[in-house]
Amino acid sequence: MNSETKKNLDFVQAVLKEAEMYAHASRLLTYDQETICPEKGMEEQGEITAFLQNQVFKLQKQPKFEEAMLYIYEHRDELEEFDRVCAEQLYRDYAKTRNITTEKQLEFSRIMNKAFVDWSAARKASDFSMFADSLKKVRDANIEMIKLRDPKDMEDLNGKKNAPSLDPDNKYYVMGQLIGDYERGITIEELDECFEHCKERLVPLLKKIMSSKKKIRTDFMHKEVTEEQQRRMTDYLISVIGYDLTRGAYSTSEHPFTDWMGKNDIRITTHYYPTDFAASMYSIIHEGGHALFEMLQPEENYDHFIEGGKTLGMHESVSRMYENRLGRSKSFIKLIYPKTCEIFPEAMEGVSEEEFYEAINVVEPSLIRTESDEFTYTFHIIIRYEIEKEIISGDIDIADIPRRWREKYEEYLGVSPKTDREGVLQDVHWASGFGYFPTYSMGNMYNAMYYNRMKNEIDIDKAVESGDFATINNWMKENVFKKADRLSPAEWIKDITGRDFTADDFLDYLEEKYSGLYEL
Ligand SMILES: [Zn+2]
């Protein structure tokens, strides 16, 4: 490396280190706000969080930093791999925002903040019209943000894929760019094909499940339990999957989440419902999966500031692997059944292991995405994706969204919301922009692919049944976690499995599992 490159790299790293201190503090405050911050303390704390985040923004927007960053990006061939990845990550962010002024940035964040407040109020009142105006502004801001980008930059960043939606004049160009912000390198064409394929296979299967004679009892799942009992279950489950309490902590929040503070502090949350003990069990396993991904990544990622390189789809693949693929398997139920009976004796009285397994996997078309079963979940995502495309391309007006929502739910799941709260207002995501939802489904498809490789190398059922998560976590660490920050999703899944991305492994898995469960 020439001395000029070294000098610039050192400067970039020093700034990133400083920025990380502000970012770390701001994440702590956010976690606090979501968990125990008193209502009246929120506003003051919100101001401090905004101040800290602004410091991070300012540090990275200073001309000296941008110059040094561009220098190392241009000389990236001289850098060692981790630093080269860092230079590429920094350049990607820079290219996307270089035409966005600080004032514009502030205007966008004000629109999103207002949208969040309006969404909360509209949801409470179950009245979409209270959110419509803000949502329209979010849509327009998203379109403006993408149009401010230089198409040439985007072409360089996205590679030279031959997809019509990558043409700036294409109707789906904006939506395609938004999707790519979350799942780097994926195109609208690829997603369309993937979801069409899912529909072809899942729609007929759902019909068969719904007309199956098999009766699954779920009465006991809604018996009243105490918070204390659920806390004991949480303690048990996090120790089973290997979440390290010396490097993490858990709390409760309205919506469960994972927050990464630093390399030795990865926190998770859950939510206790008095008449749905399985909800907190599976949210803690889900968040625990996210946390393991962060806890078991290479040390070098932190030293070279690249730990944010994982995509949301990669992250969801891991959390859903632990929650569904492992957590809802027969072997996992076998492992936790005795403890579940011990902790919830009233609810589990007279319930067999087989009945517990069936109840955990029951298929019930429903209105709420976060409470849906593993099988129908994909439909919730497809519905949102199809509506998002229509919103961003201008095919439907904002005022038409609730109607479209009802039509799609009726079409795919045979249920239709009576209120906006159980319909279009259930998710917060659109208040901060569009394009996020598909990553949830991509996650299911990635993990189905790497599960199929893992099962050739280790006896997964035996490991799960005996509570030997160390074997599983080690395999994940070596094969799934190790290069996630360094590769694009397509390169990453190919690196793990030797194959190109496909939805088939996931669809095969659903077909086999649910045909068995419903005796089809
Ligand atoms: Zn998640």
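For the numbers below, each heavy atom of this structure counts, side chains included, while hydrogens, waters and symmetry mates do not. Throughout, numbering of the chain's residues begins at 1 and tracks the sequence. Counting starts at 1 for both ligands and their atoms, following the listed order.
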Distance-minimising heavy-atom pair for S488 and M314: C-CE, 4.0 Å
N, O or S from E287 under 2.8 Å to the Zn ion (ligand 1): no
E316, N/O/S atom nearest the Zn ion (ligand 1): OE2
Taking every non-hydrogen atom, the tightest pair across L335 and Y236: O-OH, 3.5 Å
The Zn ion (ligand 1) to nearest N/O/S of H315 less than 2.8 Å: no
Flag for Y357-K334: side-chain donor and acceptor within less than 3.5 Å: no
Carboxylate-amine/guanidinium contact R486 E491, below 4.0 Å: no
